[in-house]
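One structure is given here, and the rest of the page talks about it.
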Amino acid sequence: MTYLNDLNDQQREAVLTSEGPVLILAGAGSGKTKTVTQKIAYLIQERGVSPYHILAFTFTNKAAQEMKDRVEALLGQSVQGMWIGTFHSICVRILRRYHDCLGYDGNFSIYDRSDQLRAVKETLKDLNLSKDLFKERSVLGAIGTFKNQGIGPEACLDPTSSNFYDEKIAQIYKRYEEKLKENNAMDFDDLLLKVVDLLNREEDIRTYYQFHFNYFFVDEYQDTNPIQYQLIKLLCPPKPNLTVVGDNDQSIYAWRGADISNILNFEKDFPEAKVILLEQNYRSSQNILNLANKVIAHNSNRKDKKLWTDLEEGKKVEYREYSHSQEENKDVVNLIIQRRNKGYAFSDMAILYRTNAQSRGFEEYLMMEGIPYKVVGGLKFYDRKEVKDLLAYLSLLSNGKDDLALARIINTPKRGIGEATLGQVQAYGQEIGQSIYEVMEGLEENDQLKIRAQKKISKFVDLIHLLREKAKTKSIPDLMETVLFETGYLKDLQEEDTIESRNRIENLEELVSAAKTYEEEHPEDSLEDFLSSLSLMSDVDKTEDKEEGVQLMTVHGAKGLEFPVVFLVGMEERVFPSGRSLDEDEDNLEEERRLCYVAITRAKKELYISSARNRVQYGKTVANLPSRFIDEMGEDLERVKTYSSYRMEKSPSLEVKSYPTSPKVSLTGDYKQKPKEDPAYHSESKKDIHVGAKVRHKKWGLGMVVSLKDKGKDQEVVVSFEGKGLKKLLLSYAPLEVVSK
DNA sequence: GCCCTCTTGTTCGAT
DNA sequence: ACAAGAGGGC
């Protein structure tokens, strides 16, 4: 194997240690993927291992694809049959095969976060719990935490120290699980949980897989959670040929249950484990690495590890402080143009930020300059209403028990079947153990349930029947078009004929063509396969890399990627590190610091860091100090004066006030105007309004003013009307006249 | 049941 | 700033 010569000593050792457990502690840019792919190629070519017996977990589908491609390139042959994918997609594969043992149908739906929130919401309604007391998000967070640790609804309550809230959470968890089961649906966590459950319970299946797979790989091991760890343990025989790769300094998913002790305890879990350290970095210049090392050294809970490189020192990392985020937006775009003129392609550059909402300002200026760019994640295509609607139709066609999907589209387009009707049917279905759609199907022959909208429901059932028939013969993209046509969905949008509706039609067309592409690539796959692969795609998976353009993404999204030029923006206290991490404990801050380390180590040649004193957030301007991470970088940072930093030095207090806070750019050219106040409403008599005054309202008749208070430019007046009760009105708009003082 | 308007929460990150 | 949800009128 001549290619082994490309490897350094540690990498080669990792490749050649083919038997037994191996932990590869791989620093950022240390050739981790290269090592793993060479190891797989080595196993197949030199050790005669069949790809069928290799199981590899990656973090994204894209990473899986890349690994597969690289192995094939090394071998010059296809490695079809190798099990490589994310934890979730591999679990789906197992579940589609053994769903029977879990009491699920093979066409189960997969619920994403927004589906989960809807399910929690319904659960709260079922249990009659106030959603002021039980916030959907925190309930879901609690359930997720249990699931990530493999704790079921029965086990989640500690009987010795439970309180009202914990008991209710346990109840909600239980009902939520039942609901998903009734809908023949699983959420993301379930995909792992159910497989663990299956393997725990069914010895045959466990033994089958333990014998089937001989070599195991886990990428990004520092980000595995307890349930993933259990899964690995269950699939592996006692002395596994298990190679895990990770970097404890890049653990950035504690918030979704990742347990850093998985990597720290690997040697304890597998006593014969060999640990190999990859510290030589092939990606970044020395200056960039120094900065990364310096920042991460401030963390206490870590294994010391220092990246070094043979590469040149490179350009110093630059830091710019702006007075306002808009200025940052603009200047970064200027820098991008400069870099481009120096010979970098736009696609060589990336803007990395802490939160998705920060992309907007950069997009505006990029667009203005006509620079191609791509936003990874954020406002997601697959989260758009019309996309979710069409997919909900497909889910319902595939899985008739999916009440959530049905509820989404039963009245879209309008069919005159509203909430009341739906509630009736659902309640009845609950009683007799049927899904909403099943009840609807049998409604005409049903004497017990009388529903006013029965005719409308029958029409809907006929429609679904028709579509199901078509689904049998048509390809997925054809089926989509049929759904859009037969339901009248497309017609409604066409008739609406607004900028928005045209946009929605375009999105639907894009979805149809995505289905076409999928079908070409996976000609054998069913509708269920298509739907699940859509739900399991990560943001990075969804972006095609062939297009040219500046990449915009969160630091989380940039994990595992690299760019010649990186702009790390918004380095401010309460932005990065995030406000919430500062309000909580030290562990959170350390995770933010690791995140910062990840961001820095994405850069190969040039890194530009920036912060803004003032930033528009939630629609208003807030002031923040530069991030503590900037201080921690110290001398290694070259502080470049900006126009505003120069001004700030001179008169910092003035500057904050003088910068215009109103957005000056509008890309559509349609500047929003505040509605002008109509002077006609300011009749003379209104000036006499005071608490206690008798007034007459056009609609409500006579009443008395109870209170009066300023609200912006307007005044809010509360009037008690005879027989009608209290009404809150805005003085300038309400058709009121004073009857007597 | 539908539509309009006002309120509320979002923005920490994501399979 | 913006979207989704709630609430009330029709």
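In what follows, every chain begins at residue 1, and chains take the letters A, B, ... in the order their sequences are listed.
Among B:dA14, C:dG5, B:dT15, the nucleotide with an atom closest to any side-chain atom of A:Lys121 is C:dG5. Among the nucleotides C:dC2, B:dG9, B:dA14, the one closest to any side-chain atom of A:Lys135 is B:dG9. Listed nucleotides: B:dT11, C:dC2, B:dA14. Nearest to the side chain of A:Arg137: B:dT11. Residue A:Phe188 has its side chain nearest to B:dT15 when only B:dA14, B:dC2, B:dT15 are considered. In this structure, the nucleotide among B:dA14, B:dC2, B:dT10 sitting nearest to the side chain of A:Arg256 is B:dA14. Between B:dA14, B:dT11, B:dC2, one nucleotide has an atom nearer to the side chain of A:Tyr618 than all others, and that is B:dT11. The side chain of A:Thr86 has B:dT15 as its nearest neighbour among B:dG13, B:dG1, B:dT15. When each of B:dT15, B:dT11, B:dG13 is scored by its nearest atom to the side-chain atoms of A:His88, the top-ranked nucleotide is B:dT15.
Checking A:Asp112, A:Leu531, A:Val92 one by one against A:Leu536, the side-chain contact (heavy atoms from CB on, under 4.5 Å) holds for a single residue, A:Val92.
Aromatic stacking is marked for A:Trp255 over B:dG13, as both cut-offs hold: 5.5 Å for the centres and 30° for the planes.
Across all strands shown, A:Phe87 has no heavy atoms under 4.0 Å from either base or sugar-phosphate atoms. Nucleic acid contact class of A:Ser89 (heavy atoms, under 4.0 Å, all strands): none.
Side-chain polar atoms of A:Tyr111 and A:Asn183 form a donor-acceptor pair below 3.5 angstrom. The closest side-chain donor-acceptor pair between A:Ser109 and A:Asp402 falls under 3.5 angstrom.
Using a cut-off of 4.0 Å between Lys/Arg side-chain N and Asp/Glu carboxylate O, A:Lys125 and A:Glu122 are scored as not salt-bridged.
Atom CD in A:Gln228 sits about 9 Å away from atom C1' in B:dT15, given to the nearest Å.
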